[in-house]
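Below is one structure, written out as C-alpha cells; the observations come after it.
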Number of protein chains: 2
Amino acid sequence: MTATIKDIAKAVGVNPSTVSRVINGTASISEETKEKIMQAMKELDYHPNSLARSLVNGNTFTIGLVIDAGNKDAFSNAFFIQSVIAIESVAQSKGYSVLITNHSLSDSNNIKNLVQERKVDGIILPVQCMTGELIDLMTSSNFPFVVMGEPQDKRADICWVDVDNEQGSRQAVECLIKSGYKSPMLLVENRKTIFENKRIKGFEDECKAQKIKTCSIHTFSEEKIEKLIDEIQKKERETDSVICSNNVIAFKVLKAIKARKICVPKQIGVITFDNYPLAEYMEPALSVVDVDTYKMGETAAELLFRSIRGKEKKIKGRLVDVAIIERESTERKTK
Amino acid sequence: MTATIKDIAKAVGVNPSTVSRVINGTASISEETKEKIMQAMKELDYHPNSLARSLVNGNTFTIGLVIDAGNKDAFSNAFFIQSVIAIESVAQSKGYSVLITNHSLSDSNNIKNLVQERKVDGIILPVQCMTGELIDLMTSSNFPFVVMGEPQDKRADICWVDVDNEQGSRQAVECLIKSGYKSPMLLVENRKTIFENKRIKGFEDECKAQKIKTCSIHTFSEEKIEKLIDEIQKKERETDSVICSNNVIAFKVLKAIKARKICVPKQIGVITFDNYPLAEYMEPALSVVDVDTYKMGETAAELLFRSIRGKEKKIKGRLVDVAIIERESTERKTK
DNA sequence: ATGAAAGCGCTAACAC
DNA sequence: GTGTTAGCGCTTTCAT
C-alpha cells in the first residue's frame with residue numbers, strides 16, 4: 001500500500017488540499033505546516049500518483065516518439081538512436097517522459113491511439129510515418145507534433161526538422177575541390193526521396209559538371225558498382241572523386257576501387273554522407289559529411305515543447321547544420 | 001472537446017456504466033443497446049481516456065525501458081536499438097506502451113520515479129543501471145522487472161536475460177577448428193565485466209592452449225595492437241587465428257594484420273563477436289558470432305509480462321543462443 | 001440487462 | 001493560510 005495524499009493529510013492533521021498546495025507550491029502555506037507536511041511525506045515515502053495528477057490537469061507530461069522499425073536498414077536505425085537519446089534528454093530536462101511506439105505500415109492505429117487516448121501531450125514522428133490521415137487528425141485537434149525529416153507535403157502548419165542535405169553536398173564538393181580534386185561525381189541511392197533530391201540540388205549548385213549516378217544498394221549489384229568504377233577509371237580525367245549518399249554505397253565503392261588497385265585518395269577521392277562509427281576504421285579512413293542526429297533530435301524536441309507550451313505557433317521547418325570530417329580518403333595533397 | 005463516456009451514454013440514453021460494460025465486455029448487454037452504443041461511439045469518435053482508466057484499474061498498460069545513453073559506445077547503442085524494437089513489438093502485441101528513460105549515473109531518480117509515481121507496470125533495465133538501491137526498491141515493493149545482461153549480484157529473485165557468451169566462444173573456437181585452424185587466441189577488452197569472463201570461460205573450456213590477451217580499445221593504442229600482431233606473426237605456428245571480443249578490436253586487428261601483408265584468412269583466421277552491419281562489407285568479410293539482440297529484447301519483454309501477469313514467479317536467468325555466421329575471414333580451406 | 005452511487009488520487013474554485 | 005466541495009473520466013459494487 002503506497003501512501004496517498006489523504007494519508008499524509010491525515011498524519012499531519014490537515015486537509016488534502018493543503019498537502020496538494022505544498023506539493024505544487026500553488027499557495028502560500030505557513031512554514032510550520034509546510035515543514036510538518038514535508039516531514040510526513042518523507043516518513044510515509046509519499047510519491048504523487050502521476051496518473052491522478054494527469055487526469056485532473058489534462059496533460060500527461062509525456063511525449064510520444066514514433067520509431068520506424070519496419071525500416072530494416074540497420075544503418076539508419078543506428079543513427080536514429082542518437083535522436084532518441086537527445087529527445088529523451090530534452091524531455092527529461094522539462095520533466096517529461098518519452099513514450100515510444102512503432103510505426104507499422106499496415107495501420108497507423110497505434111500512433112492514433114497515442115493522441116486519441118490522451119496518452120501523450122505531443123508527438124515526434126519520422127517523415128515516412130506521416131500519413132495524410134494522421135496529419136488531419138493531429139492538425140484538426142490542434143495536437144502538437146514535429147516531423148523528423150522534411151516532408152513532401154508542405155502544408156502550412158507542419159513543423160519539421162531535417163539535416164541540411166543541400167549544405168552537405170555543397171560542403172562535400174568544397175572539401176574535394178579544396179583537397180585538389182577537380183571533378184566530383186555524386187552517387188545517390190535514388191531520386192525519389194526528398195533528402196536525396198536536396199543532396200542532388202546542393203551538388204548541382206556547387207558543381208558545373210553535374211555528374212550524378214543512381215545506384216540503389218538493393219537493386220544495384222556489386223558488379224554494377226564495379227562497372228561504374230571501371231567507367232570512372234577509363235575517363236579518369238573526368239571523374240577524380242565520388243560523393244556517396246550513404247555508407248553502404250561508400251563501402252561497396254571503396255571495395256570495388258581497391259580491387260582495381262586504384263589508389264584512394266591519390267587517384268580517386270571518396271567522401272560519404274553519414275559518419276557511421278566504422279567509417280574511421282576503414283582503409284583509408286573515410287572522410288564524411290557528419291550528420292548530427294543528436295542535434296536533430298534535440299531540435300525536434302525543443303520545437304515540440306514550444307508547441308506544447310503554446311508559444312510560437314508558426315514554426316515551419318528547421319535545418320540542422322552538417323559538418324565535414326576530413327579523414328584519409330580525401331587527402332590528395334600531401335600535407 | 002473530445003467525447004467522454006458520459007456523452008455517449010447521454011446520446012444513447014443509457015447509464016455511463018452500461019457504456020463501460022460494452023467497452024470492456026464485462027457483462028452481458030442486449031444486442032440492441034450494444035449496437036446503439038457502438039454506433040454512438042463511432043459517430044462521436046469516442047476513445048476511452050487511458051489515464052482515467054488506469055487510475056481506477058491501478059495499472060498503466062505501460063512498461064518502462066531504461067536506456068544507457070551515458071554509454072558513449074556508439075556500437076553498443078547500435079545493437080541496443082534492436083532490443084528496443086523487439087520490446088516495443090512484444091509490448092504492443094499485449095496492448096502495452098513503452099516508456100523510455102535514460103539512466104544517468106549521477107542519480108537513479110528518474111528510474112525510481114517511474115516505479116514510485118506509478119507510471120509503469122514493470123521495467124526492463126540494462127545490468128549496468130542496476131544499483132542496489134533500485135533493486136531494493138523494486139523487490140521490496142514487489143515491482144516486476146527484468147535485467148538485460150547477467151548481473152554480478154545474484155540475488156534470489158532477480159530475473160535477467162543475456163546472450164550466451166560462453167556458447168559464443170565455444171562456437172567460435174569450433175568454427176575455427178573446423179576450418180582448419182589449430183591454435184586460436186582470444187582478444188578481450190578487459191577481464192572485469194561478467195560477459196567478458198563468460199567469453200573467457202567458454203574459450204578455456206574449448207581450447208587446451210589458453211591464449212588470451214586483454215586489449216582495451218581505449219587504453220590500447222594502435223601501436224600496441226600492431227605489436228601484438230607482430231608477436232603472433234613471429235610464432236606463427238602457435239597462433240593462427242584470433243577471436244575478437246568486439247568489432248572495434250576486430251577492425252583494428254584486421255588493419256594491423258593487413259598492414260603487415262599477412263593474409264586473412266590464409267595465414268590468420270579472424271572471427272569477432274557481434275554482427276555489426278558493416279562486418280560483411282569488410283575485406284575480407286568478417287565471420288562473426290552473431291548476437292541476437294532482437295531476441296534478447298523479445299525474451300526480456302516476455303519474461304516481464306509473465307511477471308506482470310503474476311505467473312511463474314521464480315524465473316531467474318535466461319540465455320539467448322548465439323549463431324556463427326561464417327564469412328571470408330575464416331575460410332582457410334579452399335572449398 | 002441496466003441504473004445509481006461511490007470512489008481511484010489528485011487539483012481548483014470557493015469559502016472563511 | 002487553510003478547510004470544504006466538486007469533479008477529471010472511468011470502473012465497479014450494489015441494487016433492481
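Letters A, B, ... are given to chains in the order of the sequence lines, protein chains preceding strands, and every chain is numbered from 1.
Residues A:H103 and A:P126 are not in side-chain contact: their nearest non-hydrogen atoms beyond the backbone lie 4.5 Å or more apart. Side-chain contact between A:W160 and A:L319 is present, with at least one heavy-atom pair separated by less than 4.5 Å. B:L125 has its side chain within reach of B:F145: a pair of non-hydrogen atoms, C-beta onward, lies under 4.5 Å apart. Within the 4.5 Å cutoff, no side-chain heavy atoms of A:N165 are placed close to those of A:E150.
Residue B:S30 has its side chain nearest to C:dA1 when only C:dA1, C:dG3, D:dC10 are considered. Of the candidates D:dG1, D:dG9, D:dT2, D:dG9 carries the atom nearest the B:V56 side chain, counting heavy atoms from C-beta on.
Regarding B:L55, its CG atom lies at a distance of 13 Å from the C1' atom of C:dT11, rounded to whole Å. For the pair B:N57 CG and D:dT11 C1', the interatomic distance rounds to 7 Å; values are reported in whole Å. Per the geometry, CD1 belonging to A:I23 stands 14 Å off C1' belonging to C:dA12, to the nearest Å. In this structure, B:D7 atom CG and D:dG7 atom P are separated by 15 Å, rounded to whole Å. Taking atom NZ of residue B:K6 and atom C1' of nucleotide D:dG9, one finds them 7 Å apart after rounding to whole Å. Rounded to an integer number of Å, the gap from NZ of A:K119 to P of D:dC10 is 14 Å. Taking atom CG on A:N59 and atom P on C:dA12, their separation rounds to 10 Å, with Å as the unit. Put simply, CD1 on A:I5 is 15 Å from C1' on D:dG7, counting in whole angstrom units.
Tested against A:D121 for a side chain to side chain donor-acceptor pair (under 3.5 Å), the candidates A:T62, A:N59, A:T60 yield a single pass: A:T60. For the side chain to side chain donor-acceptor pair (under 3.5 Å) test with A:H47, the passing option among B:K112, B:E117, B:Q116 is B:Q116; the others fail.
Using a 4.0 Å heavy-atom cutoff across all strands shown, A:V14 reaches sugar-phosphate atoms only and no base atom. Contact annotation for B:S20: base contact, defined as any heavy-atom pair under 4.0 Å involving a base atom.
With hydrogens and angles ignored, the 3.5 Å screen pairs no side-chain donor or acceptor of A:S307 with any backbone N or O of A:L303. Using a distance-only test at 3.5 Å, with no hydrogens or angles considered, no donor-acceptor pair links the side chain of B:T101 to the main chain of B:I111. Proximity of a side-chain donor or acceptor of A:S20 to a complementary backbone N or O of A:P16 within less than 3.5 Å is not detected. Looking at A:S83, its side chain does come within 3.5 Å of a backbone N or O of A:T293 through a donor-acceptor pair.
Sorted by residue number, the members of residues 33-53 of chain A with any non-hydrogen atom under 4.0 Å from DNA chain D read A:T33.
Donor-acceptor pairing under 3.5 Å is lacking for the side chains of A:N102 and B:Q92.
Helix bend of the helix from C:dA1-D:dT16 to C:dC16-D:dG1: the angle between its two end axes, each built from five pairs, comes to 40° after rounding to 10°.
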Would you list the protein and nucleotides 13-16 of chain C atom pairs, both N or O, that sit under 3.5 Å from each other?
unit_1 : atom_1 : unit_2 : atom_2 : d
C:dA13 : N6     : A:R21  : NH1    : 3.4

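We find the CZ-NZ distance between A:R318 and A:K295 to be 9.0 Å, quoted to the nearest 0.5 Å.
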